[in-house]
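Heads up, the thing below is written out as structure tokens.
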Amino acid sequence: MSNLKLDSDEGIIIQTTDVERYKDEEYIEVYEMYLTNKNLICVYEKLNGLFSKSEELVDRLSLTNIKVVKNNIQVFEIDNEEYGMGLQLYFKDGTNEFFIFDKEKELHKWYNNIIETIKNNSPSTNIKTQVIDERKESKINENDLDDVKNEEHIYCPDCGEKLKSDSKFCNSCGSAINKEITDTENKVQETTKDELITERKNVYDGYIHKCPNCGEVLKSFVSNCPACGHELRSTKTSSVVNEFAQKIEKVKSMEQKIELIRNFYIPNTKEDIYEFFILATSNISAGGYDVEAWYSKLEQTYHKAKLSFGNETEFQYLNQLYNKTKKQKKAHFLINNIKRSRFLQSLLLGLFGGILVITGFFLGSLSNNPDSPFYMIAMLGLIPLFGAVFAISNIKDEDKDEKKNNKL
């Protein structure tokens with residue numbers, strides 16, 4: 001367990017491991033996460049370069065900094081289009097963070113504990129909670145129904161604040177409000193009390209794939225019907241991913257290509273996820289200026305694959321590809337650091353020269369021949385060794401001169 005440096009009156013309520021954290025679109029892999037009666041604590045590692053050890057960082061997010069708007073705690077369970085189900089937190093300084101847990105039950109557990117802890121810390125205020133898109137089982141009281149009938153209102157898309165229908169900006173976060181209200185929202189506002197309480201509708205989404213020979217319902221990645229054995233030919237491939245790959249090939253601008261990758265919405269079907277995963281890993285392996293964009297999208301796809309595939313055989317293969325790609329990313333990171341750093345290049349040059357010197361003298365001494373060619377190898381090794389020492393000294397002198405100029 002990490003050193004959390006808890007206060008004397010601070011105690012841990014719940015804890016977990018392996019949480020994905022998105023802070024201002026920056027991905028952070030949190031390997032320990034704790035909820036105390038005062039803070040939300042995230043523990044993660046930060047890489048500091050090629051020859052430096054990774055540093056353990058402990059972020060403390062104070063629960064008192066979480067925004068409360070009109071007694072509504074700004075903590076939500078949200079189904080994000082890019083990342084999936086997660087926990088969204090809005091803070092008083094205008095920032096927000098998104099957390100993804102391995103299991104949905106754990107997400108509900110953390111949500112309930114955070115809400116309950118904030119309530120306990122503020123017993124004098126009548127704090128309420130909000131749940132986004134969780135109205136299936138809720139009942140509507142008379143006051144809420146009168147509000148719907150007598151006064152039209154909208155909600156801020158950024159913080160969830162309830163606003164008047166003619167609002168141009170959010171009173172809470174200052175975001176501009178889109179004035180267009182969809183037909184669906186208008187129908188909800190005009191719905192009567194009886195309909196809100198009693199009406200239940202079935203919504204069907206997606207396609208059912210059946211065997212053309214016997215009508216058996218087919219699962220993903222099936223090449224033969226499990227009921228009659230009929231071979232399935234000319235099955236439709238992942239058109240969404242194929243269209244996306246064709247768009248990528250046609251784009252010539254580097255900025256447009258990166259933007260297209262970042263804005264691509266990952267489909268929900270297993271076949272599409274599988275195809276996009278392979279597309280992303282192959283592009284990362286090829287290298288290039290768009291590697292970071294592909295890797296960011298691969299992280300999102302991997303999380304979606306975990307939820308969709310579970311422990312199926314197909315996911316095991318995707319998991320192997322993902323781990324292999326992570327190693328490739330570390331290798332790219334080291335190589336890019338070496339390319340950008342004259343100091344690291346000089347160190348590697350000196351290391352090469354030192355190996356030649358040591359190897360040459362060692363093998364020469366074993367040969368018992370003063371004219372052994374191994375001694376010549378050792379002498380040649382002195383050239384890169386002294387060159388590296390000279391280069392490092394120049395770099396240090398340049399750094400000193402730069403510091404003097406900055407002071408002046």
Side-chain angles (χ1 to χ4, degrees), residues 2-3 20-32 42-59 254-255 257-258 261-262 280-299 302 320-364 374-408:
S2 304
N3 184 13
E20 296 181 23
R21 177 186 180 190
Y22 293 88
K23 180 181 179 183
D24 297 328
E25 297 186 357
E26 176 191 3
Y27 170 73
I28 300 174
E29 188 172 349
V30 178
Y31 60 83
E32 289 181 13
C42 301
V43 184
Y44 59 97
E45 286 187 350
K46 178 183 178 183
L47 295 176
N48 291 323
L50 179 62
F51 296 104
S52 302
K53 290 184 177 180
S54 58
E55 178 185 3
E56 183 181 84
L57 297 181
V58 179
D59 267 3
M254 178 176 65
E255 291 79 9
K257 186 174 182 180
I258 292 176
I261 296 170
R262 292 189 182 278
T281 52
S282 61
N283 278 276
I284 292 172
S285 300
Y289 56 82
D290 55 355
V291 167
E292 286 299 324
W294 279 113
Y295 191 80
S296 176
K297 216 65 187 176
L298 181 69
E299 290 285 349
Y302 179 74
Q320 291 176 5
L321 281 180
Y322 176 73
N323 292 329
K324 181 181 178 181
T325 307
K326 285 184 71 174
K327 292 179 181 178
Q328 289 177 347
K329 186 190 177 187
K330 291 181 180 179
H332 283 304
F333 175 78
L334 297 178
I335 293 171
N336 289 334
N337 277 347
I338 293 172
K339 288 181 179 179
R340 289 192 293 260
S341 174
R342 289 171 54 200
F343 180 75
L344 291 178
Q345 293 171 7
S346 302
L347 278 180
L348 289 177
L349 182 64
L351 180 63
F352 175 70
I355 292 173
L356 288 180
V357 171
I358 295 172
T359 304
F361 277 112
F362 178 73
L363 296 177
F374 290 117
Y375 289 114
M376 183 59 68
I377 295 175
M379 297 302 291
L380 291 174
L382 292 174
I383 297 175
L385 182 60
F386 285 119
V389 173
F390 178 74
I392 291 173
S393 62
N394 280 344
I395 293 172
K396 290 184 178 180
D397 292 338
E398 290 175 2
D399 290 340
K400 289 180 181 178
D401 293 338
E402 187 178 350
K403 289 180 180 178
K404 289 180 180 178
N405 294 331
N406 291 334
K407 289 182 179 179
L408 295 174

Spacing of [atom1] belonging to [X] relative to [atom2] belonging to [Y], to within rounding of 0.5 Å:
X    : Y    : atom1 : atom2 : answer
E45  : I28  : CD    : CD1   : 13.0 Å
D290 : I261 : CG    : CD1   : 4.5 Å
L344 : L349 : CG    : CG    : 12.5 Å
I377 : I355 : CD1   : CD1   : 13.5 Å
I284 : W294 : CD1   : CH2   : 8.5 Å
L348 : F343 : CG    : CZ    : 10.5 Å

List the atom of [X], the atom of [Y], and the distance in Å for their closest heavy-atom pair.
X    : Y    : answer
A378 : V357 : O-CG2, 3.3 Å
G364 : F374 : N-CB, 3.6 Å
I258 : A293 : CG2-CB, 3.9 Å
V30  : V43  : CG1-O, 3.5 Å
R262 : K297 : O-NZ, 2.9 Å
A388 : S346 : CB-O, 3.1 Å

Parallel, tilted or perpendicular: which fits the ring planes of Y27 and Y22, with parallel below 30° and perpendicular above 60°?
tilted
Inspect the surroundings of CD in E56 and state if more than 12 heavy atoms from other residues, nucleotides or ligands are less than 6.0 Å away.
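It does: E56 CD has more than 12 such atoms within range.
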Take atom CZ in F390; do more than 12 heavy atoms of anything else shown fall under 6.0 Å from it?
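At most 12 heavy atoms, drawn from other residues, nucleotides or ligands, come within 6.0 Å of this atom.
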